[in-house]
Amino acid sequence: MSYRRWLAFAHDVAWVPIAIIAAYWVRYNLSHIPPGAWHAMLGLIAVAIPVYGMFFRLFGCHRGMWRFAAIPDLLRLAKAVAVGTITSLIICFMISRLNGIPRSVMVLYPIFILGAVTSMRLTYRLVRDRDLGQNAHEGARALLVGAGRGGELLIRDLERNRAFKPVAFVDDDVIKHGHEVRGVRVRGAIADIPRLIEELLIEIVLITMPSASRHILDQVVEMCAKSGVQCRTLPSLAELADGRVEVSRLRPVTVEDLLGRDPVQLDETSIAAFLSGKRILVTGGGGSIGSELCRQIGKHDPAHLVVMDSSEYNLYRIDQELASSCGAQVFNSVLGDVREAAVVQAVFAQFRPEVVFHAAAYKHVPMVEDNVIEGIRNNVFGTKAIADAAKQYGAATFVLISTDKTVNPTNVMGTTKRVAELYCQALNEPGSTHFITTRFGNVLGSAGSVVPLFERQIAAGGPVTVTHPDITRYFMTIPEAASLILQAGAIGNGGEIFVLDMGEPVRIGDLAEKMIQLSGLQPDRDIKIEYVGLRPGEKLHEELFYEKELLQCTVHPKVLLASCCMGEKSDIDTGLERLARASLSYDEDQALFELKSLVPEFKHSIAIDVASSGKAKTGLKLVR
């Protein structure tokens with residue numbers, strides 16, 4: 001033992017004779033102890049010291065740090081004293097039949113021992129806390145939202161870590177109003193935050209409810225922004241898996257908190273059966289969705305994971321992450337383009353994947369509008385190359401990651417993905433590879449999404465540019481999207497288009513306002529919002545399914561099945577041949593015409609103009 005532990009042990013044992021003498025002294029009314037009682041008292045002391053010393057050691061009473069003495073330490077001391085008392089009295093009974101030991105002494109001396117050893121620890125802690133409080137820099141005055149278990153645990157940690165000074169609680173439970181949590185009073189409801197910020201000179205608001213709803217977070221963030229104070233929150237219950245509530249875990253509220261939804265409950269058994277022990281290929285594995293798929297697949301013990309991407313940097317990042325987090329898991333990183341048939345054939349011939357997740361795609365609408373041919377080559381013919389190889393080499397399941405922009409598309413990107421959907425459905429045949437499509441909307445924080453753009457604009461001082469005051473989009477988080485893709489793959493039998501439940505659409509103007517508020521600023525006062533008009537191919541409101549696609553429930557409430565009419569494979573093959581010729585000759589007008597032929601719903605001004613004439617018009621150029 002260290003010298004500190006020896007001191008703690010010696011301190012506890014020293015109180016044993018003192019407590020016994022005090023018990024006799026009290027028994028005889030605080031007067032002189034009769035000479036006849038001294039012999040029995042000394043005998044009890046001689047027995048009690050080694051017995052208590054043994055049990056103090058066995059119960060580890062010397063190991064607890066007095067600076068952080070708490071209920072577990074006191075319980076350990078109580079157990080040691082109880083067992084030590086019983087053992088001492090049994091030994092004394094065997095030696096002297098307890099002659100000369102009054103019954104009151106038997107009751108009093110263990111109480112005195114326990115009171116002495118516990119009170120010394122608590123006194124030491126109180127003194128140390130007071131000294132630290134006087135010497136430490138007093139933290140920012142904090143208003144805590146939520147007088148529940150999370151708030152109580154945070155107050156406990158703040159008693160040791162003086163990063164913030166808790167001034168008051170707010171809670172919508174009126175029963176708690178006026179009560180105190182570890183000395184901090186509940187002074188009102190959440191609606192009272194602006195008033196309390198002003199009255200109590202609050203410098204920061206701390207949301208101590210891991211299960212706080214989007215509505216509460218939104219409300220608190222808006223009030224803090226208007227009052228000009230910072231706002232932080234504890235992680236969600238999903239993030240707070242170990243249950244520890246500490247000051248260090250407080251973080252700024254994020255847009256994912258405001259737009260996120262309840263954690264997705266997955267059928268882990270079916271997903272594990274789908275992935276465990278399988279050879280799996282993820283194309284576009286370095287991208288936002290692809291990399292998250294790789295992370296989640298890695299948790300299900302695949303036999304072999306192959307990550308394919310055309311971006312060296314993206315592939316390097318996920319390669320390093322998998323190498324550090326997956327331990328002995330077997331995986332390969334392949335730098336290659338899905339459009340290159342030779343590369344695709346080589347990957348399938350070498351690794352023979354049983355499950356393929358095809359996430360490689362160009363997805364940025366304006367970029368694809370400006371690069372029509374490249375969008376077609378990647379999204380249509382890249383998908384065709386991977387899908388053909390999956391069928392050729394006998395993959396069991398092929399999962400196409402699609403987009404809500406395929407529904408009544410008004411842009412090239414959505415139309416190319418719709419062609420990919422049609423081709424994969426046409427490839428699906430009984431007894432062969434199961435071709436499954438998953439369709440969902442925007443993903444928060446993905447590369448090229450609106451959230452990083454808004455963040456950069458806010459950091460630059462504005463303005464934040466929104467295309468239209470009424471424009472809306474569906475959003476989900478990257479982990480949620482990847483989880484539901486795996487779930488859809490596990491429950492699919494081939495030929496299905498699964499639509500992921502995206503919840504309610506979000507007005508992009510509201511999103512911009514929330515992100516400005518999260519930065520501690522006021523929309524249109526500190527950061528201006530400018531409406532710049534819809535971009536080419538952009539819709540006001542995205543759709544998740546066609547009118548003729550009746551949504552049906554599946555075994556998972558967040559995964560819906562869109563009933564769809566499959567086209568004739570011969571017609572699709574003929575259309576793709578014509579589209580390939582237009583792409584090879586880099587004829588954008590003809591390519592748009594062929595896209596319109598394959599997807600009659602395609603609402604593109606030039607494609608419609610070309611289609612109305614029945615042929616491609618030479619010399620017709622895209623208007624950028």
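For this chain, numbers begin at 1 and follow the sequence in order.
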> If we only count heavy atoms from C-beta on, is the Ile491 to Val559 side-chain gap below 4.5 Å?
yes
> Mind listing the closest non-hydrogen atom pair of Val338 and Ala385 along with its distance?
O-CB, 3.5 Å
> Run Tyr423 and Leu576 through side chain to side chain contact (heavy atoms under 4.5 Å, CB included) and show every step you take.
CA-CA 9 Å; Tyr423 185 73; Leu576 287 179; 3.4 Å; yes
> Answer yes or no: is there a side-chain heavy-atom contact under 4.5 Å between Ile527 and Val464?
yes
> With rounding to the nearest 0.5 Å, note down the distance linking CZ in Arg377 to OH in Tyr586.
7.0 Å
> Nearest 0.5 Å please: distance from the CG atom of Leu315 over to the CG atom of Asp309.
6.0 Å
> Hey, are the side chains of Ile373 and Ser583 touching, using non-hydrogen atoms and a 4.5 Å cut-off?
yes
> Run the numbers on Glu594 and Arg581 for salt bridge (Lys or Arg N to Asp or Glu O under 4.0 Å), then give the verdict.
CA-CA 10 Å; Glu594 300 302 344; Arg581 287 195 294 269; over 6 Å; no
> Applying side-chain hydrogen bond (donor to acceptor under 3.5 Å, both in side chains), can you list everything that pairs with Lys384, at least two apart in sequence or on another chain?
Asp388
> Taking side chain as C-beta onward, heavy atoms only, is Leu275 less than 4.5 Å from Ile280?
yes
> Using ring centroids (six-membered ring only for Trp), state whether His304 and Phe331 fall under 6.0 Å.
no
> Do you see a donor-acceptor pair shorter than 3.5 Å between the side chains of Ser310 and Asp337?
no
> CD of Glu268: more than 12 outside heavy atoms within 6.0 angstrom?
yes
> Looking at side-chain heavy atoms only, is the closest gap between Phe381 and Leu579 below 4.5 Å?
yes
> Report the distance from atom CD1 of Ile297 to atom CZ of Arg295, rounding to the nearest 0.5 Å.
11.5 Å
> Side chains of Gln392 and Gln345: do they bring a donor and an acceptor to under 3.5 Å?
yes
> What pairs with Thr433 under side-chain hydrogen bond (donor to acceptor under 3.5 Å, both in side chains), at least two apart in sequence or on another chain?
none
> Quick one about His358 and Thr283 (side-chain donor to acceptor, distance below 3.5 Å, no hydrogens or angles considered), yes or no?
yes
> Tell me if a side-chain donor or acceptor on Ser291 pairs with a main-chain N or O of Ser288 at a distance below 3.5 Å.
yes
> Can you tell me if Glu513 and Gln517 form a side-chain donor-acceptor pair at under 3.5 Å?
no
> With a 3.5 Å distance limit and no angle check, can you tell me whether Thr416 reaches the backbone of Asn379 through a side-chain donor-acceptor pair?
no
> Please report the interatomic distance CG(Asn378) to CE(Met413), rounded to the nearest 0.5 Å.
11.5 Å
> Within the 4.5 Å heavy-atom criterion, are Val365 and Lys405 side-chain neighbours or not?
yes
> Examine the side chains of Thr437 and Glu421 and answer whether a donor and an acceptor come within less than 3.5 Å of each other.
no
> Evaluate the side-chain proximity of Met367 to Tyr362: yes if any heavy-atom separation is below 4.5 Å, no if none is.
no
> What pair of heavy atoms forms the shortest contact from Phe435 to Lys391, and how long is it?
CZ-CB, 4.2 Å
> For Tyr316, is the OH atom crowded, meaning more than 12 foreign heavy atoms sit under 6.0 Å from it?
no
> Supply the atom-to-atom distance Ile386 CD1 to Met308 CE, rounded to the nearest 0.5 angstrom.
5.0 Å
